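These notes concern the structure reproduced below.
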Amino acid sequence: MITSNAAGEPDPVRGGAFYDAPQVLERYLRHRHSGTRSPNHVMEEPALFDELGPVSGLRVLDLGCGDAAIGRTLLASGCRGYLGIDGSAEMVRAATATLQGTPGRVERMDIEAFSAPPHTFDLIVSRLALHYVEDLDPVLAACRRALAPGGRLLVTVVHPVITSHETPRGAKEARTDWVVDDYFDTGPRRRDWMGDTVTWYHRTVEDYVTALTRARFAVTALRECAPRHDRLDGDPAEFARRRRVPLFLLLAGSIMGA
Ligand SMILES: C[S@@+](CC[C@H](N)C(=O)[O-])C[C@H]1O[C@@H](n2cnc3c(N)ncnc32)[C@H](O)[C@@H]1O
């Protein structure tokens with residue numbers, strides 16, 4: 001259903017359905033897998049791999065799995081099972097292709113609809129998907145329930161200094177300035193992203209930490225994903241540019257109590 005705001009403009013598409021538009025999907029996957037040009041490769045992934053630890057024997061759930069590239073990596077590293085869920089039919093198609101020939105599985109499902117019996121997973125990862133979710137509390141509670149004793153949650157999101165405010169700019173220019181504004185006005189933001197408009201949910205860093213502790217996770221890591229020089233093929237100008245502003249926030253939690 002297409003809805004509209006008070007000015008009569010159509011609301012941007014939310015969450016998974018956004019990635020079903022062919023031009024968005026193609027552009028996102030090209031950007032995501034562009035090696036040293038991708039901030040995921042230079043900033044988010046190294047911090048994530050630092051925090052991942054050994055995965056051998058683990059049953060892994062991936063919320064908002066996209067094309068499930070990490071699923072192949074985790075299965076190759078010995079995880080016992082991998083289930084990716086994603087709300088986009090096109091991403092599920094891409095993930096199915098990625099996981100072909102492996103025991104990994106993918107299901108089309110909204111993150112908000114996820115639930116699983118207690119002790120189903122040992123590790124839940126979610127990369128750059130939870131800022132599409134309006135209400136984190138039920139999602140984190142479902143994660144908490146689905147994890148086995150000793151289970152862990154590893155999440156990355158677009159950093160709150162980036163979700164707070166959008167600075168209009170020419171599409172082709174590399175960004176040279178960033179504005180942080182309306183930081184404590186949390187809630188939806190219309191965001192021009194991958195050539196279309198989507199809704200992200202802005203939260204403060206404190207909101208993310210509080211949501212995790214409210215769901216009875218002990219926060220074991222908070223990382224701001226500084227760029228890694230070794231992931232940039234020694235390009236000093238790009239390294240300096242990437243050191244200017246945080247793009248990603250990583251949080252890790254382990255379950256507290258029974
Ligand atoms: C930025 S992409 C990240 C994909 C993947 N985790 C990665 O790191 O490449 C965000 C993904 O989350 C999915 N997504 C966003 N909101 C969702 C929701 N509410 N339920 C299920 N999937 C959602 C999108 O379809 C998309 O595949």
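Computed from a prediction, not measured in an experiment: that's the story for all the values here. Ligands are counted one by one from 1 in listed order, and the atoms in each one are counted from 1 as well. Index from 1, following the sequence.
- Between Tyr28 and Tyr19, the gap from one ring centroid to the other is short of 6.0 Å.
- Results of the side chain to side chain donor-acceptor pair (under 3.5 Å) test with Thr156 over Arg127, Glu44, Glu51 single out Glu44 as the only residue that passes.
- Partners of Arg32 by salt bridge (Lys or Arg N to Asp or Glu O under 4.0 Å), not counting sequence neighbours: none found.
- Partners of Asp207 by side-chain hydrogen bond (donor to acceptor under 3.5 Å, both in side chains), not counting sequence neighbours, listed by chain and number: Thr204.
- Around atom 6 (N) of ligand 1, the closest heavy atom drawn from Ser88, Ala94, Gly64, Ala17 belongs to Gly64.
- Checked by distance only, ligand 1 and Asp86 come closer than 3.5 Å through their nitrogen or oxygen atoms.
- Only the backbone of Met109 comes within 4.0 Å of ligand 1, judged by heavy-atom distances.
- Atom numbering of ligand 1 starts at 1 in the shown order; those under 4.0 Å from a heavy atom of Met91 are 27 (O).
- A ring-centre distance under 6.0 Å is found for His229 and Phe239.
- Taking every heavy atom of both residues into account, His202 and Pro160 meet most closely at CE1-O, 3.3 Å.
- For ligand 1 and Gly66, the ligand atoms under 4.0 Å from any heavy atom of the residue are 4 (C), 5 (C), 27 (O).
- Within the listing of ligand 1, atoms 5 (C), 6 (N) sit less than 4.0 angstrom from a heavy atom of Cys65.
- Residue Glu112 has at least one heavy-atom neighbour below 4.0 Å for each of these atoms of ligand 1: 18 (C), 19 (N), 20 (N).
- When each atom of ligand 1 is checked for a heavy atom of Tyr28 under 4.0 Å away, the hits are 1 (C), 2 (S), 3 (C), 4 (C), 7 (C), 9 (O).
- In summary, the atoms of ligand 1 found under 4.0 Å from a heavy atom of Ala129, numbered by their order in the structure, are 12 (O).
- No part of Phe18 comes within 4.0 Å of ligand 1, judged by heavy-atom distances.
- One finds a salt bridge joining Asp50 and Arg223 here, because a Lys/Arg side-chain nitrogen approaches an Asp/Glu carboxylate oxygen to under 4.0 Å.
- Checked by atom type and distance alone, the side chain of Asp235 pairs as donor or acceptor with a backbone atom of Glu238 at under 3.5 Å.
- Residue Arg127 touches ligand 1 through backbone and side chain together, judged by heavy-atom distances below 4.0 Å.
- At a 4.0 Å heavy-atom cut-off, ligand 1 does not touch Ser126 at all.
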